[in-house]
Asker: 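Questions regarding the structure given below will be posed in turn.
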Amino acid sequence: MSYTENDLAEDLQNQEYKYGFVSNLESEKIPKGLSEDIIRLISAKKEEPQWLLDYRLKAYAIWLEMTEPEWAHVQYAKPDFQDIIYYSAVKQKKYESWDDVEPEMKETMKKLGISMDEQKVLTGTNVAVDFVMDSVSVATSFKSKLSELGIIFCSFSEGVKNHPELIKKYMGSVVPTTDNFYAALNSAVFTDGSFCYIPKGVRCPMELSTYFRINEQGTGQFERTLVVADQGSYVSYLEGCTAPMRDENQLHAAVVELIAMDDAEIKYSTVQNWYPGDKDGKGGIFNFVTKRGICEKNAKISWTQVETGSAVTWKYPSCILKGDNSVGEFYSVAVTNHHQQADTGTKMIHLGKNTKSTIISKGVSGGKSNNSYRGLVQIHKGATNARNFSQCDSLLMSDECGAHTFPYIECKNSSAKIEHEATTSKIGEDQIFYCQQRGISSEKAISLIVNGYCKEVLNQLPMEFAVEAQKLLAISLDNSVG
Amino acid sequence: MITIKNLHASIDGKEILKGLNLEVKAGEVHAIMGPNGAGKSTLASVLAGRDGYEVTAGTVVFEGKDLLDLKTEDRAREGLFLAFQYPIEIPGVSNVNFLRAALNEIKEYHGEDPINAKDFLKLVREKSAIVELDAKLASRSVNEGFSGGEKKRNEIFQMAMLNPKLAILDETDSGLDIDALRIVANGVNILKSPENATIVITHYQRLLDYIVPDFVHVLFDGKIVKTGSKELALELEERGYDWIKEELAL
Ligand SMILES: Nc1ncnc2c1ncn2[C@@H]1O[C@H](COP(=O)(O)OP(=O)(O)O)[C@@H](O)[C@H]1O
Ligand SMILES: [Mg+2]
């Protein structure tokens, strides 16, 4: 790895939220507010087929009957759903090639560190990227190379146009419209996202990555991601997110569905760095996300997340272990600082025999923040010899922060073996002193200690992402100790 | 090297160091002995700049600089090293990464380029050999799961890597068997030079058979009350500390 301690030190010089800029791109927006007419308008703008409009309207009707959940250990002013713009698209609609992309957009991507230039990417460390800004997917790279293998990787909208049979079959199959308040809302108003299909027996040769960006003021982002790994296939999928610094709270309510068929494996990694609000708790993204995957026989789904951003996070990437011998994993680092609140964890639903799940959760809280782990391990009757191991560790950086653990276990099969370990510790002043005594600054010491603490999780990330995540942790924890 | 004058320091409002004087010159080895609770570790902590100690009076000049005015990390970067009585564990941070971060921050402070990977690994091999530290320990997490003896050896390994001007060894000998003691002492002796100095804090005379001090000081109730040659250590071992109390009518 070419990234050195020095690079890290340099990066830490600039400890502000560095993605807080606004791009000056002309966009097409629809009026704010939510109604059947608005949904029809979104659907028309996207030139959608009737079945999808029907899907949306049905979801909307369901959503109207639902109330916002209040069980999470977070407090926030509920969004005014009539005050949100549900569709905002960058003006230039279609890019035939990378050369068509206007300079301001290219500049935006450059600032975000996204490389779309296929020529310049060396083989071996390839990452194919789909870039979603506000409501539309802007560009997807490496398309032709992937399609040679039969891999489909495109924006959700293109998926609807070109592969309606796949979308129709799998959309909502893991996260039904009725699942929860925000999933229902998303199903009604989702605008874009990524779609990915890996054919039977194909090992995807590069990381697939979607980068989500909120740019426009007053908008919400409601994207859907659908990843289908056919029998015996493998894919590693990355997701990154940022937003400008704004005083208002912006809503991000996504739905991610993963389908791993027999013997398939999906690795899904997220580095979530939505704007967290300022140090007094003003502004920031509300991140209310439903992520779930289903495993058929011998399949494996592995969620890895590094959550450093957002004002409020409410997110439980889960696995339904339906097939025998299937495996679910959840590796999480959730960092909160200042006034951030995170309620995150996972659900492992064991249905098949010999199913196995592993949960490693590392919560790091500083400032006046609140950080909760909430996890459910459910062993159904038929899940003979199911195994779960959970480890939930909390690291406190200050005296004013809160760390909470809510593990729920429901076991209906006596052959199951469930292990749960939890620890809470305060970052050691003696550890920081020890580092300082060796010449290491206190900021670097904190970064070293926290990165060490999260190592088990960070090790799960693909290399380029791991470096990014390390930097993020250091930056997020600036001024966290107290 | 270091001149400590009339140092008073307290913790939680309780005065521990009560007017301590000490002068150490380059090339010298000083031993500080004294009963439990005398303030030996407190002295080490105050010099190193640990939080929570309040210096109420006195001065410390280290290599011409006002030591007490420097940040903790800058004291280390100026060449002050403390081998901890109880080395700290840092899970998930490998020893070598930790040392590379330290070494590079020290270099940066002095306006030098960071060390490249090849030279660094060479240095690790060379210095770990001095304390016969298993190469595997060098890549394991800092002190995590190390035995007591391994931790102490690791402290001397770190000292060898960082090459300080003044090293303070706080009870580095406690908990060591005779072989480990010999290895640690040998390491310290190899690293000794006319340009650097060592303060050895110890309870036991036996370490001083290996690391021969130029001066032996008795620290008692926050002050250095007696200074002698290495024979003083033998006498203390034999007779304890009570006779000093009587002699000095403390
Ligand atoms: N954190 C602390 N708070 C209050 N008193 C302390 C603290 N640390 C040390 N002391 C007291 O300071 C005195 C000196 O301790 P120390 O320097 O560790 O002695 P030594 O190393 O000589 O055995 C003892 O009386 C001890 O109880
Ligand atoms: Mg002591």
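Source: prediction; values computed, not measured.
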Asker: CG/A:Leu448 to CG/B:Asn97 distance, rounded to the nearest 0.5 angstrom?
Answerer: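 Answer rounded to 0.5 Å: 7.5 Å.
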Asker: Using 0.5 Å steps for rounding, measure from the CZ atom of A:Arg438 to the CE atom of B:Met159.
Answerer: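 Rounded to the nearest 0.5 Å, the CZ-CE separation comes out at 10.5 Å.
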Asker: Determine whether A:Asn451 and B:Val93 satisfy the following criterion, side-chain contact (heavy atoms from CB on, under 4.5 Å), listing intermediate values before the conclusion.
Answerer: CA-CA 8 Å; A:Asn451 272 296; B:Val93 178; over 6 Å; no
Asker: Heavy atoms only: give me the nearest B:Ala48-A:Phe433 pair and the separation to one decimal.
Answerer: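 Looking at all heavy atoms of both residues, the shortest contact is CB-CZ, 3.8 Å.
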Asker: With a 4.5 angstrom heavy-atom cut-off, could you sort out which part of B:Glu78 is near chain A: side chain, backbone, both or neither?
Answerer: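 No part of it gets close to chain A.
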Asker: Checking heavy atoms, do the side chain of B:Leu82, its backbone, both or neither come under 4.5 Å from chain A?
Answerer: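 It is both, since atoms from each part get that close.
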Asker: Counting heavy atoms not belonging to B:Lys151, are there more than 12 under 6.0 Å from its NZ?
Answerer: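 Atom NZ in B:Lys151 is crowded, with more than 12 foreign heavy atoms closer than 6.0 Å.
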Asker: Whether the side chain of B:Arg77 engages the backbone of A:Gly439 through a donor-acceptor N/O pair (distance < 3.5 Å, no angle test) should be reported.
Answerer: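 Yes.
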Asker: When rounded to the nearest 0.5 angstrom, what distance separates CD in A:Gln437 from CD1 in B:Ile168?
Answerer: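 Those atoms lie 7.5 Å apart.
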Asker: Testing the 3.5 Å rule here: is there a donor-acceptor pair between the side chains of B:Asn143 and A:Tyr434?
Answerer: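 Present: a donor and an acceptor within the cut-off.
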Asker: Nearest 0.5 Å please: distance from the CD atom of A:Glu429 over to the CD1 atom of B:Ile88.
Answerer: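 Interatomic distance, A:Glu429 CD to B:Ile88 CD1, rounded to 0.5 Å: 11.5 Å.
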Asker: Hey, does B:Pro91 have a side-chain heavy atom less than 4.5 Å from the side chain of A:Glu456?
Answerer: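 A side-chain contact is absent here, since even the closest heavy-atom pair is not under 4.5 Å.
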Asker: Is it the case that atom CG in B:Asp51 sees more than 12 heavy atoms from other parts of the structure closer than 6.0 Å?
Answerer: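 Not buried by this count: 12 neighbours or fewer within 6.0 Å.
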Asker: Does any backbone or side-chain atom of B:Leu103 lie under 4.5 Å from a heavy atom of chain A? Answer side chain, backbone, both or neither.
Answerer: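 Contact with chain A involves no heavy atom of B:Leu103 at all.
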Asker: I'd like to know whether OH of B:Tyr86 has more than 12 heavy-atom contacts from other residues, nucleotides or ligands below 6.0 angstrom.
Answerer: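 It does not: B:Tyr86 OH has 12 such atoms or fewer within range.
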Asker: For B:Arg50, is it the side chain, the backbone, both or neither that has a heavy atom under 4.5 Å from a heavy atom of chain A?
Answerer: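 Both parts, backbone and side chain.
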Asker: Answer whether the closest heavy-atom distance between the side chains of B:Phe98 and A:Ile440 falls below 4.5 Å.
Answerer: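 SC-SC contact between B:Phe98 and A:Ile440 confirmed.
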Asker: In Å and rounded to the nearest 0.5 Å, what is the NZ to CD distance from A:Lys444 to B:Glu105?
Answerer: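 The CD atom of B:Glu105 is 5.5 Å from NZ of A:Lys444, to the nearest 0.5 Å.
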Asker: Roughly how far, to the nearest 0.5 Å, is CD of B:Glu73 from SG of A:Cys435?
Answerer: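 A:Cys435 SG to B:Glu73 CD: 10.5 Å, rounded to 0.5 Å.
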Asker: Around atom NZ of A:Lys267, are there more than 12 heavy atoms from other residues, nucleotides or ligands closer than 6.0 Å?
Answerer: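 Yes - once you tally the heavy atoms of other residues, nucleotides and ligands closer than 6.0 Å, there are more than 12.
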